[in-house]
Amino acid sequence: MINSVRGTKDILPEELPIWYFVESTLRKVSQLYGFREIRLPIFEKTEVFQRSIGEATDIVNKEMYTFLDRGGESITLRPELTASVVRSVIMNNLLAESPLLRLWYYGPLFRYERPQKGRLRQFHQYGAELIGSNNPEADVETISLAIEIIKRLGINEFSLLLNSLGNQKSRQRYKQILVDYLKGQAQNLSKESQERLNRNPLRILDSKDPQDIEIIKNSPLIHDYLDEESREHYVKTKELLDSCNIKYIETPNLVRGLDYYSHTVFEFQSPYLGAQDSFGGGGRYNELFSQFGYKNDVPAIGFALGIERIILILQSQGFKPQRENPKVYIAYNKPEYLTKVFEVSRILRQNEIPTIFDLQKRSLKAQLKEANKSGVIFAIIIGDDEVANETLSIKNMIDGTQVSHPFSIAIDYIINSLK
RNA sequence: GCGAGCUUAGCUCAGCUGGUUAGAGCACCAGAUUGUGGCUCUGGGGGUCACGGGUUCGAAUCCCGUAGCUCGCCCCA
């Protein structure tokens with residue numbers, strides 16, 4: 001037996017109804033907010049991600065599926081989608097047509113990590129990007145799109161964590177102050193955090209190590225080091241969230257793992273998920289366009305939701321979408337009658353009625369059994385009597401009653417009953 | 001990359017401190033029911049006990065190794 005690659009999962013017919021539900025909700029709410037879908041390649045030149053996500057991040061360091069193609073070019077399976085969106089917006093010059101873009105995407109991503117609950121090597125994200133506005137209103141519009149989706153999915157228990165990382169200048173200044181503070185007690189930090197001191201000090205704020213947490217408790221807060229512009233943006237964003245009745249938890253040590261964020265960052269957490277409790281997150285990335293070499297800065301904000309994690313939440317809430325069953329099963333007792341079976345099925349399908357029948361030449365009893373199991377509403381029986389009299393017998397599989405009608409009347413009866 | 005746990009029928013699992021033909025429920029197939037599902041009853045098929053080695057008179061059971069899965073750490077959706 002060949003099994004699937006570690007960290008990949010087959011989505012079987014049984015589970016697909018919940019996926020359909022999630023996908024249609026995403027599409028519907030995106031439309032309500034005026035966002036348009038964009039579909040991008042599964043792989044990009046490696047530099048797309050190196051340049052944006054940040055050389056110091058784990059994603060770039062150890063989690064990317066990177067390979068050389070036959071032309072010797074370094075290619076990477078996308079580990080996230082914001083970078084691809086920005087690349088595409090620049091390449092296709094989308095900002096020339098409209099200075100404000102509302103875009104959403106959906107699809108598989110790839111990260112080479114050890115799988116655990118809610119974490120796979122191939123997984124799916126929905127994301128939305130609002131490109132071209134630096135106003136706090138844009139932040140709130142984006143967050144409110146996320147919340148509308150979450151609510152319509154039926155997720156009622158979740159927290160929205162909120163923080164501001166400030167603009168580049170503030171962040172740089174704060175980073176220095178934080179490093180100075182932490183260096184004083186570096187020997188008490190966990191091994192990982194000691195390494196992060198040079199590499200990515202802000203991440204220490206996120207540490208789960210109890211000793212680190214103790215030290216972080218008294219560390220300087222970024223809020224106290226935001227410059228005028230950054231503070232104003234953050235305060236205004238919070239005011240707007242309040243006025244929209246969006247509840248959030250201010251979390252000064254919320255950092256997020258991608259280097260391109262600035263100002264507003266946020267994250268959605270669920271109590272249903274175990275260790276990987278975040279099912280969505282995002283933030284503002286005002287400096288990313290210029291990092292890509294675009295002619296000017298373009299302010300933008302976006303977020304992504306983890307589809308597998310959302311499905312875990314819905315399943316642990318007991319959400320069971322209805323399976324889509326065929327409506328009619330045609331049973332017959334002689335192979336010669338198959339031409340008739342094909343004719344009936346063709347007529348029903350032309351009338352939008354999902355129809356199946358036996359393809360294993362099994363007994364009538366076995367066929368009715370299969371009909372029952374497949375959840376149809378009607379079984380049509382084509383036996384010797386029916387063929388002789390040019391009739392069809394129709395068995396109602398819900399109440400067990402059965403009637404016989406001349407062929408075309410029987411067909412009409414089924415079509416009308418299933419309308 | 002690091003740590004812990006698990007692996008017995010298609011699925012969920014039982015199998016006591018090693019003891020003879022390895023079990024149950026569900027699922028599947030057939031019959032009771034001469035063209036007719038669900039409920040009930042009866043019967044049936046299906047297992048290299050993850051793989052490899054070791055200890056022993058004897059291993060699903062104990063020991064070692066390998067693989068896979070799961071859950072954590074790291075990180076993130």
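The chains referred to below are lettered A, B, ... by the order of the sequence lines, with proteins before strands, and numbering in each begins at 1.
- Here CG of A:L100 is found 9.5 Å from CG of A:N135. Values are rounded to the nearest 0.5 Å.
- The nucleotide B:C16 finds no pairing partner, because no Watson-Crick or G-U wobble arrangement with both distances shorter than 3.5 Å includes it.
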Please tabulate the protein-to-nucleotide N/O contacts below 3.5 Å involving nucleotides 26-30 of chain B, giving atom names and distances.
unit_1 : atom_1 : unit_2 : atom_2 : d
B:C28  : OP1    : A:K373 : NZ     : 3.3
B:C29  : OP1    : A:R362 : NH1    : 3.2

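- If you take CD1 on A:I414 and NZ on A:K419, they are separated by 13.0 Å, rounding to the nearest 0.5 Å.
- When each of B:A77, B:G35, B:C73 is scored by its nearest atom to the side-chain atoms of A:N333, the top-ranked nucleotide is B:G35.
- Among the atoms of the strands shown, none is found under 4.0 Å from any heavy atom of A:I311.
- The partner of B:G52, taking Watson-Crick or G-U wobble pairs whose two distances both stay under 3.5 Å, is B:C64.
- Residue ring and nucleobase are not stacked for A:F279 and B:A77 under a centre distance beneath 5.5 angstrom and an angle between planes beneath 30°.
- In summary, A:R27 and A:E23 do not engage in a salt bridge, as defined by a charged side-chain N under 4.0 Å from a carboxylate O.
- Of the residues near RNA chain B, A:G7 and A:R111, the one whose nearest nucleotide (by heavy atom distance) lies more toward the 5' end is A:G7.
- Between the side chain of A:N134 and the main chain of A:P299, no donor-acceptor pair closer than 3.5 Å is present.
- The listed nucleotides are B:G37, B:G35, B:C76; the one nearest the side chain of A:R203 is B:C76.
- No donor-acceptor distance shorter than 3.5 angstrom exists from the side chain of A:R152 to the backbone of A:K28, with no hydrogens or angles considered.
- Between the C1' atoms of B:U8 and B:G25, the separation comes to 15 Å (whole Å).
- The nucleotide B:G37 finds no pairing partner, because no Watson-Crick or G-U wobble arrangement with both distances shorter than 3.5 Å includes it.
- A side-chain donor-acceptor contact under 3.5 Å links A:Y285 and A:E129.
- Across the C1' atoms, B:U17 and B:C62 are found 11 Å apart, a figure rounded to whole Å.
- Of the candidates B:U33, B:C74, B:G35, the closest approach to any side-chain atom of A:K365 belongs to B:U33.
- Looking at A:I143, A:D242, A:L161 one by one, the single match for side-chain contact (heavy atoms from CB on, under 4.5 Å) with A:Y248 turns out to be A:D242.
- One C1' atom belongs to B:A67, the other to B:G53, and the distance between them is 15 Å to the nearest Å.
- Between A:Q116 and B:C71 there is no side-chain N or O to OP1 or OP2 distance below 4.0 Å.
- Applying the Watson-Crick and G-U wobble criteria (two distances, each under 3.5 Å), B:U70 pairs with B:A4.
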Give each protein N/O atom lying under 3.5 Å from an N/O atom of nucleotides 3-9 of chain B, with the pair distance.
none

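- Of the two residues near RNA chain B, A:L364 and A:R309, the one whose nearest nucleotide lies more 5' is A:L364.
- The base of B:A77 is paired with the side chain of A:E113 by a donor and an acceptor separated by under 3.5 Å.
- The separation of B:G3 from B:G65, taken at their P atoms, amounts to 13 Å, rounded to a whole angstrom.
- In this model, no side-chain donor or acceptor of A:R119 finds a partner on the base of B:A77 within 3.5 Å.
- Side-chain atoms of A:N372 and base atoms of B:G37 include a donor and an acceptor less than 3.5 Å apart.
- Here the P atom of nucleotide B:C2 and the OH atom of A:Y112 are 11 Å apart, to the nearest Å.
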Q: Could you go through the side chain to side chain donor-acceptor pair (under 3.5 Å) check for A:E370 and A:Y329 one step at a time?
A: CA-CA 9 Å; A:E370 191 190 352; A:Y329 189 102; 2.8 Å; yes
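- Within 3.5 Å, no donor on the side chain of A:E63 pairs with an acceptor on the base of B:G1, nor the reverse.
- If you check distances only, the side chain of A:Q367 never reaches the base of B:U36 with a donor-acceptor pair under 3.5 Å.
- Nucleotide B:A22: unpaired (no Watson-Crick or G-U wobble partner with both distances less than 3.5 Å).
- Between B:C69 and A:R6, a contact under 4.0 Å exists linking OP1 or OP2 to a side-chain N or O.
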